[in-house]
Number of protein chains: 2
Amino acid sequence: MGEAKNRRDYENELRDAGIRITRARKTILKILEEGEKHPDAMEIFRRASEIDATVSLSTVYRTMKILEDRGAIQRHVFEGGPSRFEPAGGTHHDHLIDTDTGEVVEFRSDKIEALQEEIARSLGYEIVSHRLELYVRKIGRRRG
Amino acid sequence: MGEAKNRRDYENELRDAGIRITRARKTILKILEEGEKHPDAMEIFRRASEIDATVSLSTVYRTMKILEDRGAIQRHVFEGGPSRFEPAGGTHHDHLIDTDTGEVVEFRSDKIEALQEEIARSLGYEIVSHRLELYVRKIGRRRG
DNA sequence: CTGTATGCAAAATGTTTGCATACAC
DNA sequence: GTGTATGCAAACATTTTGCATACAG
């Protein structure tokens with residue numbers, strides 16, 4: 001039916017790594033686990049505040065940094081917007097961003113991946129990372 | 001031998017559009033016309049300052065905005081860095097960024113372009129714009 | 001108890017803007 | 001002359017950080 005929910009267990013992941021599970025972190029992690037994918041920091045903060053009004057934006061950022069450093073989430077900076085975070089660990093994919101709604105759709109093309117490798121290699125480079133984003137609008141939608 | 005220089009004439013382009021050619025603008029435009037491609041605002045500002053110490057960073061940004069609005073340059077925000085500007089108008093291309101040096105190489109792949117179109121269409125979207133960046137390092141270079 | 005995590009406020013970054021003055025046309 | 005462009009400083013949006021306090025383990 002809908003988009004598959006993110007079914008990670010960040011809490012145990014961090015606990016196992018010896019990182020303290022505080023009330024703020026518990027709240028933030030639950031939001032990441034249960035919410036839609038690709039929220040930005042303010043969105044996470046807003047939702048966290050509803051559950052626990054004492055959570056601060058700093059802590060949201062700090063928690064994102066911990067998760068990012070541990071490779072548990074990825075940070076994306078789409079054009080003209082703040083960083084958005086997504087659970088990492090699945091297969092690599094690229095993004096298609098609906099410019100009208102901000103909605104993000106993930107896609108993957110092995111052909112494109114292969115072509116990228118080929119291009120980099122032919123220029124004497126190896127790829128460290130890459131980013132492919134398609135900014136799109138629904139076919140047939142009226143211009144704003 | 002080296003990379004082809006940017007041979008535009010921004011000054012006449014703007015004059016023809018009824019935009020005043022001031023001393024600051026003349027300086028900034030010359031830098032864009034003669035300098036390497038893909039400078040950021042501070043780089044342009046630094047070079048402008050050497051020629052005319054009264055030029056301000058605000059004016060650099062404002063001039064970039066004018067050029068961008070007119071489609072004369074394109075703004076790129078590569079990962080972790082400030083906006084970088086490049087002369088527009090050539091054929092579309094993507095970018096390969098050397099993560100060690102910050103150097104930018106342009107490339108183009110009709111195959112990738114076609115695949116992108118195909119992917120977007122198959123998902124019910126039309127592409128408004130896109131961005132493909134390969135972050136790379138020279139093959140064989142030692143890790144820092 | 002000890003050291004890590006927190007909230008807050010302030011700093012850092014990159015960019016834009018309000019305003020009074022300067023200058024291109 | 002007239003209105004656009006400028007420099008400056010302040011505002012801006014996002015993210016990071018210093019510090020004293022709180023709290024997880």
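Computed from a predicted model, the values in this text were never measured in an experiment. Per chain, numbering begins at 1; letters A, B, ... match sequence-line order.
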**Prompt:** Are OP1 or OP2 of D:dT17 and a side-chain N or O of A:Ser58 less than 4.0 angstrom apart?
**Reply:** no
**Request:** Figure out the CE/P separation between A:Met64 and C:dT6, and round it to whole Å.
**Result:** 11 Å
**Asked** Roughly, in whole Å, what's the span from CD in A:Glu11 to P in C:dA5?
**Response** 14 Å
**Rounded interatomic separation in angstrom, taking CZ from B:Arg23 and P from C:dC25** = 13 Å
**Prompt:** With a 4.0 Å cut-off on heavy atoms, is A:Thr59 in touch with a base, just the backbone sugar-phosphate, or nothing at all?
**Reply:** sugar-phosphate
**Prompt:** Of the candidate nucleotides D:dT14, C:dT15, D:dG3, which contains the atom at the shortest distance from the side chain of A:Pro82?
**Reply:** D:dT14
**Complete:** Sorted by position of nearest nucleotide on DNA chain C, 5' first, the leading residue of A:Thr63 and B:Gly80 is A:Thr63
**Item:** A:Thr22 side-chain N/O to D:dA24 phosphate OP1/OP2 under 4.0 Å
**Value:** no
**Request:** Start with the C-alpha gap between B:Arg23 and B:Asp52, add the side-chain angles, then the distance that decides, and say whether salt bridge (charged side-chain N to carboxylate O under 4.0 Å, His left out) holds.
**Result:** CA-CA 9 Å; B:Arg23 193 152 61 104; B:Asp52 174 356; 3.3 Å; yes
**Item:** Nearest-nucleotide 5' precedence on DNA chain C, B:Ile21 against A:Leu57
**Value:** A:Leu57
**Prompt:** Among B:Glu86, B:Glu103, B:Arg84, which residue meets the side-chain hydrogen bond (donor to acceptor under 3.5 Å, both in side chains) test with B:His38?
**Reply:** B:Glu86
**Message:** Set out, in order, the CA-CA distance, both residues' side-chain angles and the distance that settles salt bridge (charged side-chain N to carboxylate O under 4.0 Å, His left out) for B:Arg75 and B:Glu68, then state yes or no.
**Reply:** CA-CA 7 Å; B:Arg75 173 188 303 236; B:Glu68 192 183 4; 3.1 Å; yes
**Request:** Could you state the atom-to-atom distance from CD1 of A:Ile19 to P of C:dT6 in whole Å?
**Result:** 11 Å
**Prompt:** Tell me: CZ of B:Phe45 to P of C:dT16, nearest whole Å?
**Reply:** 16 Å
**Request:** Name the closest nucleotide to the A:Arg62 side chain, picking from D:dG18, D:dT15, D:dG7.
**Result:** D:dG18
**Asked** Does D:dT15 have OP1 or OP2 sitting under 4.0 Å from an N or O in the side chain of A:Tyr61?
**Response** yes
**Prompt:** Can you check whether A:His95 and A:Phe78 have ring centres sitting under 6.0 Å from each other?
**Reply:** yes
**Request:** Report the distance from atom CE of A:Met42 to atom C1' of D:dT15, rounded to the nearest whole Å.
**Result:** 13 Å
**Fill in**
The nucleotide from D:dT16, D:dG7, C:dC25 with an atom nearest the side chain of B:Ala24 is D:dG7
**Prompt:** Expressed in angstrom and rounded to an integer, what is the separation of A:Leu14 atom CG from D:dA24 atom P?
**Reply:** 15 Å
**Request:** Evaluate the salt bridge (charged side-chain N to carboxylate O under 4.0 Å, His left out) criterion for residues B:Glu33 and B:Arg8: first the C-alpha distance (whole Å), next the side-chain angles of each, then the deciding distance (0.1 Å), finally the verdict.
**Result:** CA-CA 6 Å; B:Glu33 285 165 6; B:Arg8 296 185 67 117; over 6 Å; no
**Prompt:** Is B:Arg25 touching bases, backbone alone, or none of the nucleic acid, heavy atoms closer than 4.0 Å?
**Reply:** sugar-phosphate
**Request:** Specify the separation, in whole Å, of atom CZ of A:Arg20 and atom C1' of C:dT6.
**Result:** 12 Å
